[in-house]
Amino acid sequence: MVVRLNVASTCVGTSALGPGFRSVVWVQGCPFRCRGCVAPEWIPDVPARLVGVEELAAELLADERVDGLTFSGGEPMAQAAGLAELARVARQVRDLSIVCFTGFTLAQLEERPDAPQLLSEVDVLIDGQYVRERDDGLGLRGSANQVVHHLTGRLADVGYDFEHRERTTEVRVGEREVALVGVPTADLLVRLAPVIGGPGRSRRTR
Ligand code: SF4
């Protein structure tokens, strides 16, 4: 049986969403409604791009420099089984680190029967919903309430400060949209609003 994911968008090769050179999957659909979410068009649980994990893995690894995957959204844990399979398939091709964002807390995930299979593939989990009042403009997490969990030691000693590093954001200009890849600061969003046409056109992980 082909395992499919409902994908909002992808990015092959970025330095803005974790250590190294990574490919990113943003899944479609999120059960949360965080105030200030910068990707509200990815909240509805509606069909977007339905793609098999084998095809998606090949796409994400097309650049041989890619050494990690980042899962964001939307809510990755809403598609935990599919993303776990994607991680397994991709790791059969190449040794990869996995970073995953989620609006659930790790304690909440322990109550979700489908979460452990994805957690077992994840090196770093960044958990909790985005709280605009606690967005301090630092780190790979969107707000200071979110917790960085090193579920393995793989990315613990690579010199990457997930909590306090200066944020970097890449601006990608496509034929039909301008997209931000990374965790932009609030100030950057304000300055780029005339270009990206408002938050709905940009991408930011929580
Ligand atoms: S910030 Fe993340 S968890 Fe919150 S509504 Fe947006 S996609 Fe969902």
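Just so you know, ligand 1 is whichever comes first in the structure, and atom 1 is the first atom listed for that ligand.
Here the closest non-hydrogen pair linking Arg94 and Leu61 is NH2-O, 3.0 Å.
Counting only distance, with no hydrogens or angles, the side chain of Glu75 and the backbone of Thr102 share no donor-acceptor pair below 3.5 Å.
Heavy-atom distances between Ala39 and ligand 1 stay at or above 4.0 Å for every pair.
The pair Arg167-Asp187 fails the salt-bridge criterion, with no side-chain N (NZ, NE, NH1 or NH2) lying under 4.0 Å from an Asp/Glu carboxylate O. The residues Asp123 and Arg91 are annotated as salt-bridged, a charged nitrogen and a carboxylate oxygen being separated by less than 4.0 angstrom.
Under 4.0 angstrom from ligand 1, the non-hydrogen atoms of Ile43 all belong to its side chain.
Heavy-atom proximity to Cys34, at under 4.0 Å, picks out these atoms of ligand 1: 1 (S), 3 (S), 4 (Fe), 5 (S). For ligand 1, the atoms sitting less than 4.0 Å from at least one non-hydrogen atom of Cys30 are 3 (S), 5 (S), 7 (S), 8 (Fe), numbered in the order shown with element in parentheses.
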